[in-house]
Amino acid sequence: MSKYKENKLYIFNTLNRKKEVFQAMNPPHVGMYVCGPTVYGDPHLGHARPAVTFDLLFRYLKHLGYKVRYVRNITDVGHLESDADEGEDKILKKARLEQLEPMEVVQQYTNSYHDSMARLNVLPPSIEPRASGHIIEQQVMAEEILENGYAYESNGSLYFDVIKYHKDYNYGRLSGRVLEDLISNARELEGQEEKRNSVDFALWKKAAPAHIMRWPSKWGEGFPGWHLECSAMSSKYLGKRFDIHGGGMDLLFPHHECEIAQSVAATGKDAVRYWMHNNMVTINGQKMGKSLGNFVTLKELFTGSHKLLEKSYSPMTIRFFMLQAHYGSTLDFSNEALAAAGKGLVRLMSTLKVLDRLEPGGAPGSLDIGEFEKKAYGAMNDDLGSPQLIAHLFDTSRFINSAFAGNDSITAGDLERLRHLFGSFVSDVLGLTGEEDREIGGLVSKLVDLLLNIRLEVKKKKDFELSDRIRDELASFGIEVRDKKDGFEWEIKG
RNA sequence: GGUCGCGUGGCCGAGUGGUUAGGCAGAGGUCUGCAAAACCUUGUACGGCGGUUCGAAUCCGCCCGUGACCUCCA
């Protein structure tokens with residue numbers, strides 16, 4: 001029995017600004033598309049948020065029994081820089097600075113992105129298409145839009161005719177923009193003469209002579225407009241109409257608004273049924289930006305090599321921290337908050353280990369396992385309420401520890417159920433892994449055991465000076481010793 | 001300037017028209033030779049001013065603060 005039949009998953013659909021029951025078009029199949037990174041630099045905190053958010057959705061949908069095709073693109077066709085730099089392409093610029101071939105830059109940072117995502121335990125998507133590998137598809141879609149009369153050619157470039165489109169459809173219904181306001185608020189920018197109107201956007205852009213990334217087309221040598229890749233690739237792999245499209249709130253306008261316009265102009269229909277947007281990350285209450293000097297890459301977080309960081313934070317701590325906030329809220333990073341999340345994570349993960357060793361007792365004890373199950377699913381069904389889910393896990397964690405300490409009990413049947421539930425929510429749904437189980441060589445393990453067994457004998461002789469010395473020195477290597485009634489436990493701590 | 005969002009206790013962060021979020025930090029206790037871990041108990045709260053209501057932190061208005069976006073920039 002698939003769980004999705006008995007769970008009503010509500011998700012906040014940006015299109016209607018309401019929580020709606022998620023109903024797959026063709027259950028058990030679900031198609032979901034998420035805007036991936038432009039690979040011109042190491043991934044930063046801002047990249048981790050959508051990755052973790054939609055990884056949570058991907059995992060939960062799979063947990064519910066859906067067969068999910070998750071498409072997340074890599075934008076490797078450079079896009080133009082806005083500030084100061086006279087419209088220079090990001091990837092080209094990086095390539096010149098680092099004296100690399102543009103595709104070399106793309107490969108390097110794609111690898112870097114994959115590496116950081118893997119460390120965050122973000123599952124790889126089912127398909128990860130690259131914009132540069134779908135030039136034809138983008139040209140075909142541009143052609144369809146042109147044929148339908150919603151685009152025009154101008155000096156070797158192709159532009160989307162927003163005004164024309166708005167007469168037949170509704171430009172702005174996702175982002176809540178009013179076209180007239182957009183037109184009246186438009187800034188005077190250079191290189192706009194080719195457009196009929198300032199609100200028009202490029203489907204295909206003629207390449208300037210210096211532009212290395214270029215492809216032939218019937219309109220001349222050039223490259224696709226930024227918004228087009230997502231429309232073309234999503235429809236290629238998910239069909240003309242699919243279930244979920246996700247991305248950061250910063251992409252809502254113009255990117256996603258333009259995607260809608262493109263799909264409707266090409267096919268006459270909306271492609272996406274549920275639009276989901278994760279909120280942004282701030283650092284010490286400030287927006288993250290290169291100019292503000294608070295731009296932190298994931299590598300820097302993992303190693304602690306940034307002047308704002310007091311220490312390094314493990315990938316799992318970052319992941320846990322993000323999951324403790326709802327994806328729709330802004331999330332503020334600070335050393336204090338990260339450190340707190342790190343400790344909370346250790347607590348949760350050690351409960352998982354305790355649960356493994358917990359023995360059932362005859363008495364039912366205080367845990368209502370059915371209630372726990374209901375609350376856990378209820379939290380996730382409410383627009384991915386990972387913070388509430390985690391709160392319920394902590395509540396249950398207290399019970400597990402109490403039972404382990406002999407102050408509570410659980411029946412064998414309930415224990416089995418609890419292990420399954422607790423484990424699958426922590427590991428499968430939230431995607432949290434016990435990274436503190438680092439590789440300990442068998443030899444090290446034996447040596448520590450030997451030392452602690454000797455310490456046990458020393459303790460029996462009440463030589464606490466020596467026994468404390470052993471414990472303290474082990475602690476200085478990062479080995480935490482915990483004395484038990486008739487033995488000991490130890491663990492390597494970060 | 002325009003559009004949209006947010007403002008919760010020392011820190012982070014849920015939630016709700018009248019009943020405990022949770023984590024971290026703090027205080028007290030149990031256990032322990034001492035620790036650690038665990039468990040028990042515990043304080044501090046809803047930006048400001050008005051309004052609606054029997055009752056609002058939760059709804060409405062204004063103000064302040066803050067964030068995102070504003071056309072080829074994730």
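What's counted below: heavy atoms across the whole structure, side chains too, no hydrogens, waters or symmetry copies.
- Looking at which nucleotide of RNA chain B each of A:Arg471 and A:Asn279 is closest to, the 5′-most match is held by A:Asn279.
- Atoms CD1 (A:Ile283) and C1' (B:C11) sit 17 Å apart, rounded to a whole Å.
- Contact annotation for A:Arg49: no contact, since no heavy-atom pair falls under 4.0 Å across all strands.
- Across A:Thr317 and A:Leu345, no two heavy atoms sit closer than the pair N-CD2, 3.8 Å.
- Contacts of A:Phe464 with the nucleic acid, taken as non-hydrogen atoms under 4.0 Å apart, include base atoms.
- Using modelled atom types and a 3.5 Å distance limit, the side chains of A:Ser217 and A:Gln139 yield no donor-acceptor pair.
- Side-chain contact of A:Asp76 with A:Tyr109: a donor-acceptor pair under 3.5 Å is absent, judged by distance alone.
- By the ring pair (Phe, Tyr, Trp, His ring centres under 6.0 Å) test, A:Tyr165 pairs with A:Phe160, A:Tyr169, sequence neighbours left out.
- Each of A:Tyr171 and A:Ser402 lies near RNA chain B, and the nucleotide nearest A:Ser402 is the one positioned closer to the 5' end.
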Base contacts versus sugar-phosphate-only contacts with protein, heavy atoms under 4.0 Å: please encode nucleotides 27-32 of chain B as B, S and - from 5' to 3'. ------
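- For the salt bridge (charged side-chain N to carboxylate O under 4.0 Å, His left out) test, residues two or more places apart in sequence or in another chain that qualify with A:Lys299 are A:Asp42.
- At the heavy-atom level, A:Ala325 lies under 4.0 Å from the strands shown only through sugar-phosphate atoms.
- For the pair A:Arg196 and A:Ile163, the minimum side-chain heavy-atom distance is 4.5 Å or more.
- Salt-bridge formation is not detected for the pair A:Glu20/A:Lys8: no Lys NZ or Arg NE/NH1/NH2 atom is positioned less than 4.0 Å from an Asp or Glu carboxylate oxygen.
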Dot-bracket notation for RNA chain B is requested: 5' to 3', Watson-Crick or G-U wobble pairs only, both distances under 3.5 Å, with ( ), [ ], | and . as defined. (((((((..(((.....[...))).(((((.......)))))....(((((..]....))))))))))))....
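- A:Val481 comes within contact range of at least one nucleobase, with a heavy-atom separation under 4.0 Å.
- In the interface, the side chain of A:Asp468 is paired with the base of B:G33 through a donor and an acceptor atom under 3.5 Å apart.
- Here A:Arg471 pairs with A:Asp468, A:Asp483 under the salt bridge (charged side-chain N to carboxylate O under 4.0 Å, His left out) rule; sequence neighbours left out.
- Rounded to whole Å, the distance from CG on A:Asp332 to P on B:A68 is 12 Å.
- Partners of A:Glu128 according to the salt bridge (charged side-chain N to carboxylate O under 4.0 Å, His left out) rule, which considers only residues two or more places apart in sequence or in another chain, are A:Arg72.
- Residue contacts shown for A:Ser329 are limited to sugar-phosphate atoms, with no base heavy atom under 4.0 Å away.
- Contacts of A:Phe321 with the nucleic acid, taken as non-hydrogen atoms under 4.0 Å apart, involve only primed sugar atoms and P, OP1 or OP2.
- If you check every strand for non-hydrogen atoms under 4.0 Å, A:Leu331 touches sugar and phosphate atoms only.
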